[in-house]
Amino acid sequence: MYNMDHYDEEMKYMHQEDDWDRDLLLDPAWEKQQRKTFTAWCNSHLRKAGTQIDNIEEDFRDGLKLMLLLEVISGERLAKPERGKMRVHKISNVNKALDFIASKGVKLVSIGAEEIVDGNAKMTLGMIWTIILRFAIQDISVEETSAKEGLLLWCQRKTAPYKNVNIQNFHISWKDGLGFCALIHRHRPELIDYGKLRKDDPMTNLNTAFDVAEKYLDIPKMLDAEDIVGTARPDEKAIMTYVSSFYHAFSGAQKAETAANRICKVLAVNQENEQLMEDYEKLATDLLEWIRRTIPWLENRMPENTMQTMQQKLEDFRDYRRLHKPPKVQEKCQLEINFNTLQTKLRLSNRPAFMPSEGKMVSDINNAWGSLEGAEKGYEEWLLNEIRRLERLDHLAEKFRQKAAIHEAWTDGKEEMLQKHDYETASLSEIKALLKKHEAFESDLAAHQDRVEQIAAIAQELNELDYYDSPSVNARCQRICDQWDALGALTQKRSEALQRTEKLLETIDQLYLEFAKRAAPFNNWMEGAMEDLQDTFIVHTIEEIQGLSTAHEQFKATLPEADKERQAILGIHNEIAKIVQTYHVNMAGSNPYTTINPQEVNAKWDKVRQLVPQRDQALIEEHARQQNNERLRRQFANQANVIGPWIQTKMEEIGRISIEMHGTLEDQLTHLRQYEKSIVNYKPKIDQLEGDHQLIQEALIFDNKHTNYTMEHIRVGWEQLLTTIARTINEIENQILTRDAKGISQEQLNEYRASFNHFDRDHSGALGAEEFKACLISLGFDIANDAQKRSGIMDAEDFKTCLISVGYNLGENEFSRIMSIVDPNRMGVVTFQAFIDFMSRETADTDTADQVIASFKVLAGDKNYILADELLRELPPDQAEYCMARMAPYTGPDGVPGALDYMSFSTALYGESDL
């Protein structure tokens with residue numbers, strides 16, 4: 001039966017045909033063909049009433065035969081005709097016929113009774129064509145197409161196996177006659193020897209087809225072969241009328257075609273599902289392979305020796321996060337969507353659930369993805385720690401080199417000095433001087449003990465931090481320590497030698513000794529000050545640089561007292577010079593107690609004064625850099641503190657939309673897509689935050705007290721938001737697909753959602769086994785009574801009896817069966833989509849294996865097996881090949897060579913046996 005939409009489409013086509021016909025009827029050749037065809041068609045029905053017409057525009061003028069024709073083809077009685085001969089009687093009869101046509105839903109455009117009574121050939125032919133469309137062509141439908149398209153599709157399918165036949169229209173495709181012959185041979189192959197026909201002999205082909213149709217098929221000859229061959233473009237209406245007679249003559253074969261259509265539909269669904277399975281397997285394989293290749297790279301913790309190399313690794317990791325991972329996130333989301341869509345289609349087509357290959361389940365991919373993100377997080381932490389370590393190592397190594405260089409400069413020549421035997425030939429005063437000088441050296445040596453210990457401590461820390469150039473550091477440190485031990489031994493030896501001769505040496509220059517004693521520590525202080533002023537520093541906060549600035553200011557406050565000490569030391573030297581000049585003391589060389597001289601003191605003092613402003617400038621620049629870092633922290637925090645709560649709010653809103661029942665599914669889908677659009681439009685703010693985060697990392701900023709959000713938090717939240725909105729939209733689309741496929745009303749869906757939400761107490765979007773069982777009871781399912789279906793409504797007493805009979809504990813066998821349907825992966829929970837699929841399955845009907853077996857039995861002519869030729873004849877080539885490749889040979893006692901088992905094939909399609 002046609003629905004009203006289909007009927008309206010037919011009427012629209014008939015109206016278009018009427019308008020187009022008024023132009024085409026002007027062609028005399030077409031008008032001649034229509035006269036002949038329409039006359040023969042009318043007579044094929046009028047002869048059932050014992051009459052006929054000879055002239056189509058003359059014999060219908062009084063309306064009597066027109067009313068008779070309508071009664072014959074409709075099987076209904078029209079109003080009693082007028083038997084008078086006057087014009088008014090004829091118009092009345094024609095109007096009764098036209099009114100009857102209009103009552104069948106046909107709109108007659110510009111056709112009036114007066115024109116028919118006056119014998120207007122153009123209007124009469126148009127009226128007859130309208131009748132033919134309504135009663136001979138309109139009811140033709142193949143796969144829900146319109147009448148004309150259905151008739152054309154029927155012709156194409158029936159002539160598809162024949163060479164040199166290509167039916168594309170109802171005019172020139174029929175000129176060679178092979179189309180008519182192919183239709184006859186397809187249904188009655190014994191009437192025509194198709195192999196002897198030639199495409200270049202259209203007259204013979206057409207006459208053969210018309211003669212056979214008239215003689216054996218009771219189809220009157222509506223056209224002559226010359227009418228078709230002699231016209232460049234035969235009249236489409238005449239050809240359609242003629243071909244429709246063939247269609248009705250062979251309508252008995254429609255049962256087999258219907259059966260073939262059912263099989264084609266089932267096979268097409270199966271082929272589509274298999275392709276979706278192959279696509280899922282490939283996409284899952286590719287994604288898992290990418291994860292397998294990426295995780296070892298992220299787990300590689302081989303440290304590098306330089307900051308530049310580690311910075312490059314960090315840049316590579318940023319490229320991975322920005323460029324390589326986002327497409328894979330989309331692939332993973334699409335994989336889950338494809339899997340859910342496939343499972344929905346399988347359930348809708350009553351097929352068993354799809355089980356991916358081992359290791360390729362959605363849960364396996366999620367586990368692999370979790371491993372990837374775990375390795376990714378650990379890798380980023382390792383990179384940052386390595387950069388901090390290398391930064392610390394570079395600082396320590398530079399500090400080691402500076403202290404080692406200063407120490408080596410100080411020890412240069414000390415061993416040679418300590419090994420001299422100058423005291424053996426020195427005078428008493430010289431011996432005294434040598435002894436005091438040695439005492440000053442011992443004081444200096446003790447002062448340098450702290451520096452040696454610092455050098456050893458720095459070398460030890462470099463070793464503990466696994467510094468790449470530790471061997472050279474250790475070697476240099478060992479040389480310094482060995483030299484220091486040697487200096488200690490030599491100092492002790494010289495001291496003992498000087499003390500042995502001390503009794504012989506009484507004269508001593510106290511002033512030189514005083515100068516040496518005061519100059520040595522002051523010199524050491526200046527060296528320490530220069531070392532501190534040139535020492536590199538590394539800070540991460542404004543507070544730390546402010547601490548360094550404070551210490552530096554405190555140091556500058558000690559400079560006046562130090563200058564007084566310098567002037568005092570220089571005063572001692574001046575007094576020595578005055579005594580030497582006054583008493584003409586014989587001074588052989590410089591101060592015998594120290595190598596420090598006033599020029600060196602002044603030079604180092606000038607150096608200290610020169611380094612102070614340089615240190616000031618370095619601290620100012622570092623303070624500016626830390627202020628910029630603080631600005632970057634605040635800039636990132638201001639955005640992160642807005643984006644983070646925004647993502648959380650959107651996640652909560654999507655969750656509420658997915659469980660609430662505001663409006664139809666289409667309204668919810670529209671609402672979700674608007675959310676998706678607003679979320680996608682928010683992406684530039686995420687990108688801007690990524691840019692600020694990159695600036696922070698480039699500035700080597702490792703903490704931010706202004707926000708609890710890290711870029712990793714934002715990224716994970718953003719990816720979860722995109723995945724959640726896509727998954728929620730997919731669930732709504734699947735619900736629409738289920739609703740449309742199963743004919744579920746909006747009220748039913750609302751009832752299912754209300755029940756589901758009532759038992760989904762934690763609003764997780766899924767029910768546990770016991771929650772699901774309680775939900776089924778609330779909807780009136782008697783689970784303890786195997787798979788019996790109920791109406792879905794229970795009154796109070798029935799529900800009370802049900803609860804008592806099961807004791808709030810449903811039958812385990814039946815409930816296990818239901819759980820295997822709604823939870824094929826044994827996850828222990830039931831999603832709303834699975835719940836809807838189950839409810840639609842329980843309340844709707846679908847194709848079954850028995851129906852497919854019955855359809856194959858029709859094609860096989862009631863045999864228990866089917867032959868390859870029968871499949872090729874009734875099915876499209878690709879689906880016939882699909883069946884032959886998968887059907888097992890028939891082994892029954894009534895089988896013949898080449899027999900195929902369609903029964904086991906049909907049950908395998910629905911998972912009831914192995915394919």
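Heavy atoms only: backbone and side chains are in, while hydrogens, waters and symmetry mates are out.
Under the 4.0 Å criterion applied to side-chain N and carboxylate O atoms, Arg47 and Asp218 are assigned as salt-bridge partners. The existence of a salt bridge linking Glu733 and Arg673 is confirmed by a sub-4.0 Å separation between a basic side-chain nitrogen and an acidic carboxylate oxygen.
Of all the heavy atoms in Ala868 and Met884, the pair that sits closest is CB-SD, 3.3 Å. The minimum heavy-atom distance between Ala182 and Val165, with the atom names listed, is CB-CG2, 4.4 Å. Closest heavy-atom contact between Pro234 and Ile228: CG-CG2, 3.8 Å.
Classified by interplanar angle (parallel below 30°, tilted 30° to 60°, perpendicular above 60°), the ring pair Tyr280/Phe339 is tilted. Between Phe180 and Phe246, the ring planes lie tilted relative to each other; the angle falls in the 30° to 60° range. Taking the six-membered ring for Trp and thresholds of 30 and 60 degrees, Tyr902 and Phe856 have nearly parallel ring planes, at less than 30 degrees apart.
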- Message: What verdict does the side chain to side chain contact (heavy atoms under 4.5 Å, CB included) test give for Leu342 and Met277, after you've listed the backbone C-alpha separation in whole Å, the side-chain angles of each residue and the deciding distance to 0.1 Å?
- Response: CA-CA 8 Å; Leu342 173 60; Met277 294 175 189; 3.7 Å; yes
- For the pair Val94 and Phe60, evaluate side chain to side chain contact (heavy atoms under 4.5 Å, CB included) and give the outcome as yes or no after the intermediate values. CA-CA 8 Å; Val94 173; Phe60 285 137; over 6 Å; no
- Task: Start with the C-alpha gap between Lys196 and Asp201, add the side-chain angles, then the distance that decides, and say whether salt bridge (charged side-chain N to carboxylate O under 4.0 Å, His left out) holds.
- Result: CA-CA 11 Å; Lys196 294 183 179 180; Asp201 190 7; over 6 Å; no
- Task: Determine, stepwise, if the pair Leu276 / Asn338 fulfils side chain to side chain contact (heavy atoms under 4.5 Å, CB included).
- Result: CA-CA 8 Å; Leu276 287 174; Asn338 291 349; over 6 Å; no
- Query: Between Glu331 and Asp286, is a side chain to side chain contact (heavy atoms under 4.5 Å, CB included) present by the stated rule, with each step listed?
  - Reply: CA-CA 10 Å; Glu331 288 182 14; Asp286 294 343; 5.5 Å; no
- Please test Glu278 against Lys282 for salt bridge (charged side-chain N to carboxylate O under 4.0 Å, His left out), starting from the C-alpha separation and ending with a verdict. CA-CA 6 Å; Glu278 293 176 4; Lys282 182 179 185 304; over 6 Å; no
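Two residues are said to be in side-chain contact when any heavy atoms from C-beta on lie closer than 4.5 Å; Asp59 and Thr39 fail this criterion. Under the 4.5 Å side-chain criterion, counting only non-hydrogen atoms from C-beta, Arg347 is in contact with Thr344. Contact annotation: the side chain of Leu223 never approaches that of Leu206 to less than 4.5 Å [non-hydrogen atoms, C-beta and beyond]. Contact check for Ile866 versus Met887: side-chain heavy atoms found under the 4.5 Å cut-off. Under the 4.5 Å side-chain criterion, counting only non-hydrogen atoms from C-beta, Tyr194 is in contact with Cys181. Looking only at side-chain heavy atoms (C-beta outward), Leu267 and Cys883 come within less than 4.5 Å of each other. Proximity of Ile167 to Lys158: side-chain heavy atoms (C-beta onward) are nowhere separated by under 4.5 Å. Two residues are said to be in side-chain contact when any heavy atoms from C-beta on lie closer than 4.5 Å; Lys90 and Asp118 fail this criterion.
For the atom pair CD of Gln168 and CH2 of Trp174, the computed distance is 11.5 Å after rounding to the nearest 0.5 Å. Atom CD1 of residue Ile853 and atom OG1 of residue Thr907 lie 6.0 Å apart, to the nearest 0.5 angstrom. Between the CD1 atom of Ile128 and the CD atom of Glu57 there is a distance of 11.0 Å, given to the nearest 0.5 Å. From Leu125, atom CG reaches atom CG of Asp235 across 9.5 Å, with rounding to the nearest 0.5 Å. Here OG1 of Thr159 is found 7.0 Å from CD of Gln156. Values are rounded to the nearest 0.5 Å. Taking CG from Leu69 and CD1 from Ile53, the interatomic distance works out to 8.0 Å, rounded to the nearest 0.5 Å.
More than 12 heavy atoms of other residues, nucleotides or ligands lie within 6.0 Å of NZ in Lys863, so this atom counts as buried by the packing criterion.
The one candidate from Asn95, Asn93, Val88 that meets the side-chain contact (heavy atoms from CB on, under 4.5 Å) condition with Ile91 is Asn95. Screening Arg77, Lys65, Lys48 for a salt bridge (Lys or Arg N to Asp or Glu O under 4.0 Å) with Glu71, the sole residue that qualifies is Arg77.
The salt bridge (Lys or Arg N to Asp or Glu O under 4.0 Å) contacts involving residues 165-187 comprise Asp176-Lys199, where partners must be two or more places apart or lie in separate chains.
Asn169 contributes a side-chain N or O that, together with a main-chain N or O of Ser173, makes up a donor-acceptor pair within less than 3.5 Å. At distances below 3.5 Å, at least one donor-acceptor pair connects side-chain atoms of Gln343 with backbone N or O atoms of Phe354. Remark: the backbone N or O of Pro876 is not paired with any side-chain donor or acceptor of Gln879 at under 3.5 angstrom. A donor-acceptor pair is defined here as one N or O able to donate and one able to accept, closer than 3.5 Å; such a pair exists between the side chain of Ser103 and the backbone of Phe100.
Side chains of Thr341 and Asn730: a donor-acceptor N/O pair is present below 3.5 angstrom, by distance only.
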